[in-house]
Amino acid sequence: MAINVLLVDDHIVVLEGLKKLLENDAEIHVIAMISDPSTLANTIDQLQPDIILMDIQMKGYNGLLLTKQLLKSNKELAIIMLSGYNDDAYLQGAYNAGARSFVAKDQPPQELIATIKSVYEGSSVFPPFVEGQVDFLLTSKEQEVLHWLSAGKSNIEISETLHISKRTVEHHITSLMRKLHVDNRMQIVLKAMEDGLLNTQ
């Protein structure tokens with residue numbers, strides 16, 4: 001099954017180039033291209049994309065603010081921020097906005113494709129040069145998942161308790177493993193206790 005990607009950029013030439021690049025991979029299908037972000041919310045509702053690839057800076061629009069607004073309505077959206085600048089501030093902004101990843105436009109095409117596939121599988125992907133900056137910035141939802149993991153809840157039970165999908169729970173667990181540098185859910189709990197991230201009262 002193809003990964004359905006929605007492209008959002010205010011430059012038509014960029015959109016066409018991205019579409020051609022991505023569809024060189026048989027597993028990726030660009031379902032729509034948007035140059036006017038005012039239509040974005042409606043298009044997402046209609047097409048239900050697997051991945052949204054969106055530029056950070058567009059004429060009259062801020063991709064980071066759009067990401068926050070979209071995630072308020074649907075926390076399960078998988079948004080990858082795209083920028084012409086490989087800048088730490090943009091990267092941190094993308095992370096704080098709730099995006100699943102940040103990709104600079106000058107990165108090799110295979111890296112963008114690999115990132116899309118990783119995010120589709122539920123991962124949160126950020127470049128290694130900022131690992132130290134984001135490792136212990138746990139989101140509120142990650143903290144909730146961590147709490148219920150420590151209580152011995154299964155993914156399905158956490159999903160029901162937090163009213164999110166099982167896939168979203170898996171995404172948060174993957175993100176926790178990456179941030180805590182561990183390999184499984186038991187190690188997440190042990191490392192969190194060791195680092196004082198769990199309230200044990």
Side-chain angles (χ1 to χ4, degrees), residues 1-37 39-41 43-44 47-59 61-71 74-135 137 139 167-168 170-172 174-175 177-179:
M1 182 181 292
I3 303 170
N4 291 318
V5 178
L6 173 63
L7 302 180
V8 188
D9 195 298
D10 57 344
H11 294 98
I12 300 295
V13 173
V14 172
L15 289 171
E16 294 288 354
L18 282 171
K19 183 177 188 295
K20 184 176 180 181
L21 181 156
L22 294 176
E23 291 193 335
N24 281 332
D25 190 292
E27 296 179 27
I28 296 177
H29 171 57
V30 175
I31 54 173
M33 300 185 296
I34 292 180
S35 59
D36 177 8
T39 66
L40 181 55
T43 303
I44 291 171
L47 300 180
Q48 298 292 307
D50 297 311
I51 301 287
I52 300 163
L53 186 61
M54 178 161 55
D55 194 9
I56 281 185
Q57 296 242 349
M58 295 174 283
K59 188 176 181 181
Y61 291 90
N62 181 313
L64 299 176
L65 292 178
L66 279 174
T67 295
K68 288 182 179 180
Q69 291 165 2
L70 291 168
L71 290 172
N74 184 350
K75 295 179 181 178
E76 296 187 34
L77 292 176
I79 301 173
I80 298 173
M81 303 306 308
L82 193 65
S83 175
Y85 303 96
N86 201 344
D87 185 278
D88 287 8
Y90 281 146
L91 176 65
Q92 192 68 44
Y95 180 85
N96 292 341
R100 298 280 183 87
S101 188
F102 170 94
V103 178
K105 290 180 180 178
D106 61 357
Q107 286 182 233
Q110 60 269 29
E111 287 189 22
L112 174 58
I113 289 170
T115 297
I116 288 172
K117 290 180 179 181
S118 293
V119 169
Y120 177 71
E121 290 169 358
S123 296
S124 181
V125 184
F126 285 90
F129 67 84
V130 291
E131 282 292 319
Q133 295 179 41
V134 301
D135 272 355
L137 292 177
T139 66
R167 182 171 167 185
T168 299
E170 291 167 353
H171 155 67
H172 289 308
T174 299
S175 183
M177 285 192 290
R178 178 180 61 81
K179 291 178 180 180

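Sequence positions, counted from 1, serve as the residue numbers for this chain.
Rounded to the nearest 0.5 Å, atoms CD1 (I52) and CD1 (I79) are 4.5 Å apart.
Residues passing the side-chain hydrogen bond (donor to acceptor under 3.5 Å, both in side chains) test with Q69: none are found, sequence neighbours excluded. With sequence neighbours excluded, the residues that form a side-chain contact (heavy atoms from CB on, under 4.5 Å) with H171 are R100, S124. The side-chain hydrogen bond (donor to acceptor under 3.5 Å, both in side chains) search around N62 returns none, not counting sequence neighbours. Scanning for side-chain contact (heavy atoms from CB on, under 4.5 Å) contacts around Q110 gives P108, with sequence neighbours left out. Residues satisfying the side-chain contact (heavy atoms from CB on, under 4.5 Å) test with T115, not counting sequence neighbours, are I80, S101, V103, V119, V125.
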Requested in this report: Evaluate the criterion side-chain contact (heavy atoms from CB on, under 4.5 Å) for residue pair L7 and L82; output intermediate values, then yes/no.
Outcome: CA-CA 10 Å; L7 302 180; L82 193 65; over 6 Å; no
Query raised in the report: Between E121 and T174, does a side-chain contact (heavy atoms from CB on, under 4.5 Å) hold up when you go through it step by step?
Result: CA-CA 10 Å; E121 290 169 358; T174 299; over 6 Å; no
**Report entry** Verdict with reasoning, I3 to I51, per side-chain contact (heavy atoms from CB on, under 4.5 Å)
**Finding:** CA-CA 7 Å; I3 303 170; I51 301 287; 3.9 Å; yes
Atom pairs and distances, donor-acceptor, side-chain atoms in residues 21-29, under 3.5 Å, two or more places apart:
residue : atom : partner : partner atom : Å
E23     : OE1  : K19     : NZ           : 3.0
E23     : OE2  : H29     : ND1          : 3.4
E23     : OE2  : V30     : N            : 2.9
N24     : ND2  : K20     : O            : 3.4
D25     : OD1  : E27     : N            : 2.8
D25     : OD1  : K117    : NZ           : 3.4
D25     : OD2  : K117    : NZ           : 2.9

Could you pull out all donor-acceptor pairs under 3.5 Å where a side-chain atom in residues 10-17 meets a protein atom, sequence neighbours excluded?
residue : atom : partner : partner atom : Å
D10     : OD2  : K59     : N            : 2.7
H11     : ND1  : D9      : OD1          : 3.4

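In plain terms, the two heavy atoms of P49 and L6 that are nearest each other are CB-CB, 3.8 Å.
When side chains are defined from C-beta on, L66 does not count as touching V8, because their heavy atoms never get closer than 4.5 Å. Residues I56 and L64 form a side-chain contact, since some pair of their non-hydrogen atoms from C-beta on lies under 4.5 Å apart. The shortest distance between side-chain heavy atoms of I44 and N74 does not fall below 4.5 Å. Counting heavy atoms from C-beta on, the side chains of L18 and M33 never come closer than 4.5 Å.
Every pair tested for salt bridge (charged side-chain N to carboxylate O under 4.0 Å, His left out) that includes a residue from residues 75-86 fails, sequence neighbours excluded, so the list is empty.
Not one N or O on the side chain of N4 forms a donor-acceptor pair closer than 3.5 Å with the backbone of D50.
Counting non-hydrogen atoms of neighbouring residues, nucleotides and ligands closer than 6.0 angstrom, the NZ atom of K105 exceeds 12 such neighbours.
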